[in-house]
Peer 1: 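Dropping a structure here in structure tokens format, bear with me for questions.
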Amino acid sequence: MQALKALGIHGRDIEQVAMDVRFAVVPLGSVEYHGPHAPLGTDTILAESFAERIDASLHPLIYPAIPYSACPGKTRHYPGTIPVRPTVFIDYLADVVEGICRLGIRHIVLLNAHDANMGPARTAAEQVTGAYPDASFLLINWWQMASADFAQRMGLFLGTAGRGHGGPYEMSAIKAFRPEMVTVQESDLELDADPPLSSVPYVLVEGRPQGWDGYTGRIRQSSLEAGQIIVEEASRHMNLLLQEWLARRTDKTKE
């Protein structure tokens, strides 16, 4: 059983499909420099690929990924990055999901693979729920579907958690989906970001972080094996989260 894709639906079938599916999925990516070893479409590949990992029995309707988005100052000037102003991205995404709501679909997953999409995506969702109070948006960041210490517990990387833009955690996930897309060469630098400031959550925005050259991390530790483990764990938690969300929404409609 395969999940329905919006671009494959015929006009005569749209209304019936909208009644049959339980939620829509909009993958969110970017066109952004991730280092000399990584594809510009890293985030878009990940967003689309995790959408494909959604359990088809949950009856999702998968829309095409949004590839252009806001990019931070620390990657904006690297070659290949195409940044979109955050205000433009918010308005664009709000229009996209409003169009889905007009079909009668009120459950929408924003499946995100780009850190800078988090704030704008939430803002767009908050805006649309003002017009559609019965709408429910679930913002899923794929990398948060595995716990922060998962890689250490599994021994996937040595001396590093692997996390970070273009780092071995992200690149291993890409290898799991598209192994030919990651090409680390001897001349590619390995970079160590500064250790965390605190164990509690915080946001630090810098134009030129330490241990940074458009990417960070010990990239030679990227591997297909690590990626397969990471993708399995993230996919499992993603589907469990979706099941809980749908069950809760179903219970509310019965009240």
Peer 1: Name all residues meeting the side chain to side chain donor-acceptor pair (under 3.5 Å) criterion together with Arg153; count only those two or more places apart in sequence or in a different chain, and write none if there are none.
Peer 2: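 Partners of Arg153 by the side chain to side chain donor-acceptor pair (under 3.5 Å) criterion, ordered by chain and then number, come out as Ser147, Asp149.
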Peer 1: Do Leu138 and Met145 share a hydrophobic cluster, counting only Ile, Leu, Val, Met, Phe, Trp and Tyr and linking them when any side-chain heavy atoms are less than 4.5 Å apart?
Peer 2: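 Yes, one cluster joins them.
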Peer 1: Closest approach of Pro60 and Ala3, non-hydrogen atoms and distance?
Peer 2: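 Shortest heavy-atom separation between Pro60 and Ala3 comes out as CG-CB, 3.7 Å.
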Peer 1: Testing Ile108, Ile54, Leu61 one by one against Phe23 for a side-chain contact (heavy atoms from CB on, under 4.5 Å), which residue passes?
Peer 2: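 Looking at Ile108, Ile54, Leu61, the match for Phe23 under the side-chain contact (heavy atoms from CB on, under 4.5 Å) is Ile54.
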Peer 1: Would you call Glu232-Arg236 a salt bridge at under 4.0 Å N-O?
Peer 2: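 No.
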Peer 1: Does any N or O in the side chain of Thr42 come within less than 3.5 Å of the main-chain N or O of Pro39, such that one atom is a donor and the other an acceptor?
Peer 2: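 The answer is yes, because a donor-acceptor pair under 3.5 Å joins these two groups.
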Peer 1: Which pairs, with at least one residue in residues 195-216 and sequence neighbours excluded, count as a salt bridge (charged side-chain N to carboxylate O under 4.0 Å, His left out)?
Peer 2: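 Listed by first then second residue: nothing to list.
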Peer 1: Sequence neighbours excluded, which residues qualify as side chain to side chain donor-acceptor pair (under 3.5 Å) partners of Asp192?
Peer 2: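 Partners of Asp192 under the side chain to side chain donor-acceptor pair (under 3.5 Å) test: Arg218.
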Peer 1: Any heavy-atom pair between the side chains of Leu242 and Ile140 that's under 4.5 Å?
Peer 2: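 Sidechains of Leu242 and Ile140: in contact.
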Peer 1: Is there side-chain contact between Lys175 and Met171, with heavy atoms separated by less than 4.5 Å?
Peer 2: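 Heavy-atom side-chain distance check fails, nothing below 4.5 Å.
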Peer 1: Check whether more than 12 heavy atoms from other residues, nucleotides or ligands sit under 6.0 Å from atom CD of Glu180, and answer yes or no.
Peer 2: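 It does: Glu180 CD has more than 12 such atoms within range.
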Peer 1: Going by the rule side chain to side chain donor-acceptor pair (under 3.5 Å), which residues pair with His165 if we only count those two or more places apart in sequence or in a different chain?
Peer 2: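 Once residues adjacent in sequence are excluded, His165 has no partner under the side chain to side chain donor-acceptor pair (under 3.5 Å) criterion.
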Peer 1: Is it the case that over 12 heavy atoms from other parts of the model lie below 6.0 angstrom from the OH atom of Tyr132?
Peer 2: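 Result for OH/Tyr132: enclosed.
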Peer 1: Has Gln210 got more than 12 heavy atoms of other residues, nucleotides or ligands less than 6.0 Å from its CD?
Peer 2: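 Not more than 12 within 6.0 Å, no.
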Peer 1: Name all residues meeting the side-chain contact (heavy atoms from CB on, under 4.5 Å) criterion together with Gln228; count only those two or more places apart in sequence or in a different chain, and write none if there are none.
Peer 2: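 By the side-chain contact (heavy atoms from CB on, under 4.5 Å) rule, Gln228 matches Ala176, Leu224.
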Peer 1: State whether a side-chain donor-acceptor pair under 3.5 Å links Asn117 with Asn112.
Peer 2: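 Yes - a donor-acceptor pair under 3.5 Å links their side chains.
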Peer 1: Does the side chain of Val128 come within less than 4.5 Å of Cys101's, by heavy atoms?
Peer 2: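 Yes. Closest side-chain heavy atoms under 4.5 Å.
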Peer 1: Indicate, with yes or no, if Val84 and Val97 share a hydrophobic cluster defined by side-chain heavy-atom contacts under 4.5 Å among Ile, Leu, Val, Met, Phe, Trp and Tyr.
Peer 2: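 Both belong to a single hydrophobic cluster.
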Peer 1: Using the rule that Ile, Leu, Val, Met, Phe, Trp and Tyr join whenever any side-chain heavy atoms are under 4.5 Å apart, tell me whether Met238 and Leu28 fall into a single cluster.
Peer 2: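 Result: no, two separate clusters.
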Peer 1: Among residues at least two apart in sequence or on other chains, which ones pass side chain to side chain donor-acceptor pair (under 3.5 Å) with Tyr169?
Peer 2: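 Scan of Tyr169 (side chain to side chain donor-acceptor pair (under 3.5 Å), adjacent residues dropped) gives Arg163.
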Peer 1: Under the side-chain contact (heavy atoms from CB on, under 4.5 Å) rule, collect the residues that match up with Thr81, sequence neighbours excluded.
Peer 2: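 Thr81: side-chain contact (heavy atoms from CB on, under 4.5 Å) contacts with Glu32, Tyr33, Cys71, Thr75, Tyr78, Pro83.
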Peer 1: Using side-chain heavy atoms (C-beta onward) and a distance below 4.5 Å, is His34 in contact with Asp43?
Peer 2: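 Yes - at least one pair of side-chain heavy atoms lies under 4.5 Å apart.
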Peer 1: Identify the two heavy atoms, one from Leu46 and one from Ala113, that lie closest to each other, and give their separation to 0.1 Å.
Peer 2: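 Nearest heavy atoms, Leu46 then Ala113: CB-CB, 3.9 Å.
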Peer 1: Side-chain contact test, heavy atoms from C-beta onward, threshold under 4.5 Å: evaluate it for Leu191 versus Tyr215 and give yes or no.
Peer 2: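 Side-chain contact under 4.5 Å: yes.
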Peer 1: Is the closest side-chain heavy-atom distance between Glu190 and Arg220 below 4.5 Å?
Peer 2: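 The answer is yes; the side chains approach within 4.5 Å.
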Peer 1: Which residue pairs pass the side-chain hydrogen bond (donor to acceptor under 3.5 Å, both in side chains) test with at least one member in residues 82-105, sequence neighbours excluded?
Peer 2: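 Qualifying pairs, neighbours excluded: none.
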Peer 1: Side-chain polar contacts of residues 4-17 - donor-acceptor pairs under 3.5 angstrom, sequence neighbours left out - could you list them?
Peer 2:
| from | atom 1 | to | atom 2 | distance (Å) |
| --- | --- | --- | --- | --- |
| Lys5 | NZ | Glu52 | OE2 | 2.6 |
| Gln16 | NE2 | Asp20 | OD1 | 2.9 |
| Gln16 | NE2 | Asp20 | OD2 | 3.3 |

Peer 1: Under a 3.5 Å distance rule, please check whether Ser69 uses its side chain to pair with a backbone N or O of Gly29 as donor and acceptor.
Peer 2: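 Flag set: sc Ser69 to bb Gly29 pair under 3.5 Å.
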Peer 1: Report yes or no: does Trp142 contribute a side-chain atom to a donor-acceptor pair with the main-chain N or O of Ser49 at less than 3.5 Å?
Peer 2: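 The answer is no, because no donor-acceptor pair under 3.5 Å joins these two groups.
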Peer 1: Can you name the residues that form a ring pair (Phe, Tyr, Trp, His ring centres under 6.0 Å) with Phe137, not counting sequence neighbours?
Peer 2: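 Counting only residues at least two positions away or on another chain, Phe137 forms no ring pair (Phe, Tyr, Trp, His ring centres under 6.0 Å).
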Peer 1: Examine distances only and state if a side-chain atom of Glu170 and a backbone atom of Gly166 form a donor-acceptor pair shorter than 3.5 Å.
Peer 2: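 Yes, the answer is positive, given that a donor and an acceptor are paired below the 3.5 Å cut-off.
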Peer 1: Excluding sequence neighbours, so at least two apart, what forms side-chain contact (heavy atoms from CB on, under 4.5 Å) with Ala116?
Peer 2: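 Once residues adjacent in sequence are excluded, the partners of Ala116 under the side-chain contact (heavy atoms from CB on, under 4.5 Å) criterion are Pro72, His114.
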Peer 1: Keeping Asn239 on the side-chain end and Arg53 on the backbone end, is there a donor-acceptor pair under 3.5 Å?
Peer 2: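 At least one qualifying donor-acceptor pair exists.
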Peer 1: Are any of the side-chain heavy atoms of Phe177 and Glu48 separated by less than 4.5 Å?
Peer 2: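 No, every pair of side-chain atoms sits at 4.5 Å or beyond.
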Peer 1: In terms of hydrophobic clusters joined by side-chain contacts under 4.5 Å, are Val88 and Val31 together?
Peer 2: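 Yes.
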Peer 1: State, with a plain yes or no, whether a side-chain heavy atom of Trp245 is found less than 4.5 Å away from one of Val109.
Peer 2: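 Contact flag for Trp245/Val109 side chains = yes.
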Peer 1: Which residues satisfy the side-chain contact (heavy atoms from CB on, under 4.5 Å) test with Leu158, sequence neighbours excluded?
Peer 2: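 Result, side-chain contact (heavy atoms from CB on, under 4.5 Å) vs Leu158: Gln221.
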Peer 1: Is there a path from Val21 to Ile100 through hydrophobic residues (I, L, V, M, F, W, Y) whose side chains come within less than 4.5 Å of each other?
Peer 2: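 Result: yes, single cluster for both.
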Peer 1: Do you know which two heavy atoms are closest between Ala226 and Ser223, and how far apart they sit?
Peer 2: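 Nearest pair, atom of Ala226 first, then Ser223: N-OG, 3.0 Å.
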